[in-house]
Amino acid sequence: MNGILVVDKPRGWTSFDVIAKLRGALHTKKIGHSGTLDPLATGVLPLFVGNAVKAVDLPQNHEKTYLATLKFGVRTPTADLESEVCETQEVQISEEQLRAALATFLGDSQQLPPMFSAVKVNGQPLYKAARKGREVARTPRSITITAIDLAEQVGENEYTFSVTCSKGTYIRVLVEDIAARLGTIATMTALRRTQSGDFTLAQAHTLEAILAAANATDDATQAEPMLLPVDSVFGAYPRLDASDELAARLFHGAPTHVRLADAVYRVYHNDAFLGLADAKAGIVTVKKLFIERT
């Protein structure tokens with residue numbers, strides 16, 4: 001099986017837990033993922049199966065959209081409910097105050113990675129130092145927030161908001177920064193990713209549904225209809241329908257003279273997706289093949 005399997009990750013599972021479970025169910029070790037979700041989070045987790053794993057590290061749309069829930073007046077070491085409350089405050093925030101604060105986060109900014117994260121400093125993940133009670137000097141990272149809006153109030157001092165942001169944005173940190181801007185503290189109580197790049201919840205399958213399909217007849221291929229084609233990742237690239245000669249040359253890695261505008265192309269032969277090719281100054285070269293050279 002080759003393609004993109006969009007999973008609606010359940011709460012309490014790490015992204016690797018999901019991969020490990022599906023490697024067994026789908027009878028393949030070739031599964032990668034794009035965009036880790038913490039155990040607390042649910043929602044869109046794109047998995048790259050079979051030859052599609054070659055696409056994981058290629059340039060693609062990495063923008064993410066979330067529904068996040070924050071609770072004012074409480075703080076935890078991890079900035080979410082994965083740890084015990086360590087501080088409380090009396091607080092009263094209105095919807096108008098929160099809307100105004102959210103608007104100030106639009107655009108480009110710098111964000112400090114949390115101590116409880118997999119970000120590495122001097123080769124060591126920050127969470128290892130955090131578990132020992134140590135604070136490590138970190139470098140702020142550039143992030144971009146393209147949309148952020150209040151959704152609803154779900155409890156006393158508890159609100160849900162939507163945010164669309166760049167890769168590498170920590171919503172837990174954003175929650176704490178929002179609270180700080182309002183002169184108080186907060187922690188994240190829920191997080192649901194509704195979109196990851198070009199993939200949405202409408203395309204996602206629950207883990208239960210995937211496992212049921214894979215185990216229905218002890219034939220993992222029963223889950224194959226759930227996979228999206230690998231070229232769905234590269235919809236922003238122009239399409240190139242290759243002749244027999246061009247397809248053969250690209251298949252064997254041979255640069256070829258072709259009159260094309262400089263760009264990266266999705267290459268097809270007889271409507272079958274071959275891979276990506278790079279055109280520069282009239283020369284087309286293979287960037288990545290998604291079929292086996294046999």
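Hydrogens, waters and symmetry mates play no part in the numbers below; they use all other heavy atoms, side chains included.
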**OP:** Not counting sequence neighbours, which residues clear ring pair (Phe, Tyr, Trp, His ring centres under 6.0 Å) with Phe273? List them please.
**Re:** Tyr268, Phe290
Original post:
Are side-chain N/O atoms of Asp241 and His269 paired as donor and acceptor at under 3.5 Å?
Top reply: no
Subject >> Distance-only side-chain donor-acceptor flag, Thr76 / Glu84, under 3.5 Å >> reply: no
Subject >> Modelled atom types, side-chain donor and acceptor of Thr285 and Asp278, under 3.5 Å >> reply: no
Original post:
Quick one: does Glu176's side chain have a donor or acceptor within less than 3.5 Å of a partner on Val173's backbone?
Top reply: no
Subject >> Apart from Val85 itself, residues in the same hydrophobic cluster as defined by side-chain heavy atoms under 4.5 Å >> reply: Val74
Original post:
Does Asp177 reach the side chain of Tyr170, with side-chain heavy atoms less than 4.5 Å apart?
Top reply: no
Subject >> Residues that Thr206 engages under side-chain contact (heavy atoms from CB on, under 4.5 Å), provided they are two or more places apart >> reply: Glu208, Ala209
Original post:
Going by heavy atoms in the side chains, are Leu106 and Ile148 under 4.5 Å from each other?
Top reply: yes
**OP:** Indicate whether any N or O donor in one side chain lies under 3.5 Å from an N or O acceptor in the other, for Gln89 and Thr184.
**Re:** yes
Subject >> Flag, side chain of Arg75 to backbone of Ile185, donor-acceptor distance under 3.5 Å >> reply: no
Original post:
When rounded to the nearest 0.5 angstrom, what distance separates OG in Ser162 from CG in Leu67?
Top reply: 6.0 Å
**OP:** Could you tell me which residues satisfy salt bridge (charged side-chain N to carboxylate O under 4.0 Å, His left out) with Asp262, sequence neighbours excluded, listed by chain and number?
**Re:** none
Original post:
Quick one: side-chain hydrogen bond (donor to acceptor under 3.5 Å, both in side chains) partners of Ser109, sequence neighbours excluded?
Top reply: none
Subject >> Which residues share a salt bridge (charged side-chain N to carboxylate O under 4.0 Å, His left out) with Glu82, sequence neighbours left out >> reply: none
Original post:
Considering residues at least two apart in sequence or located in another chain, which fulfil the side-chain contact (heavy atoms from CB on, under 4.5 Å) criterion with Arg99?
Top reply: Glu95, Leu150
Original post:
Between Phe234 and Leu276, is any pair of side-chain heavy atoms under 4.5 Å apart?
Top reply: yes
Subject >> All pairs passing side chain to side chain donor-acceptor pair (under 3.5 Å) where residues 2-25 contributes a residue, at least two apart >> reply: Asp8-Arg192, Thr14-Asp17
Subject >> Glu158 and Thr189: side chain donor to acceptor below 3.5 Å >> reply: yes
Original post:
Quick check: does any side chain N or O of Asn157 sit under 3.5 Å from a backbone N or O of Val91, one acting as donor and the other as acceptor?
Top reply: yes
**OP:** Kindly indicate whether the side chain of Ile145, heavy atoms from C-beta on, has any atom under 4.5 Å from the side chain of Thr164.
**Re:** no
**OP:** Could I get the full list of side-chain contact (heavy atoms from CB on, under 4.5 Å) partners for Leu227, not counting sequence neighbours?
**Re:** Met1, Leu5, Val49
Subject >> Residues that Gln153 engages under side-chain hydrogen bond (donor to acceptor under 3.5 Å, both in side chains), provided they are two or more places apart >> reply: none
Original post:
Can you tell if the side chain of Leu211 reaches within under 4.5 Å of the side chain of Leu22, non-hydrogen atoms only?
Top reply: yes
Subject >> Partner of Arg249 under side-chain contact (heavy atoms from CB on, under 4.5 Å), chosen from Val284, Val258, Thr256 >> reply: Thr256
**OP:** Check Thr69, Leu70, Leu40 against Met188 for a side-chain contact (heavy atoms from CB on, under 4.5 Å) and give me the one that passes.
**Re:** Leu40
Original post:
CG of Leu274 to CG of Leu289: how many Å apart, nearest 0.5 Å?
Top reply: 7.0 Å
**OP:** Return the set of residues passing side-chain hydrogen bond (donor to acceptor under 3.5 Å, both in side chains) with Glu156 (not counting sequence neighbours), or none when no residue passes.
**Re:** none
Original post:
Is the closest basic N to carboxylate O distance between Asp231 and Arg239 below 4.0 Å?
Top reply: no
Original post:
Cut-off 3.5 Å, side chains only: do Thr104 and Arg181 have a donor facing an acceptor?
Top reply: yes
Original post:
So do Phe251 and Ile291 actually touch side chain to side chain, heavy atoms under 4.5 Å?
Top reply: yes
**OP:** Name all residues meeting the side-chain contact (heavy atoms from CB on, under 4.5 Å) criterion together with Thr169; count only those two or more places apart in sequence or in a different chain, and write none if there are none.
**Re:** Gln111, Ile143, Cys165, Ser166, Ile171
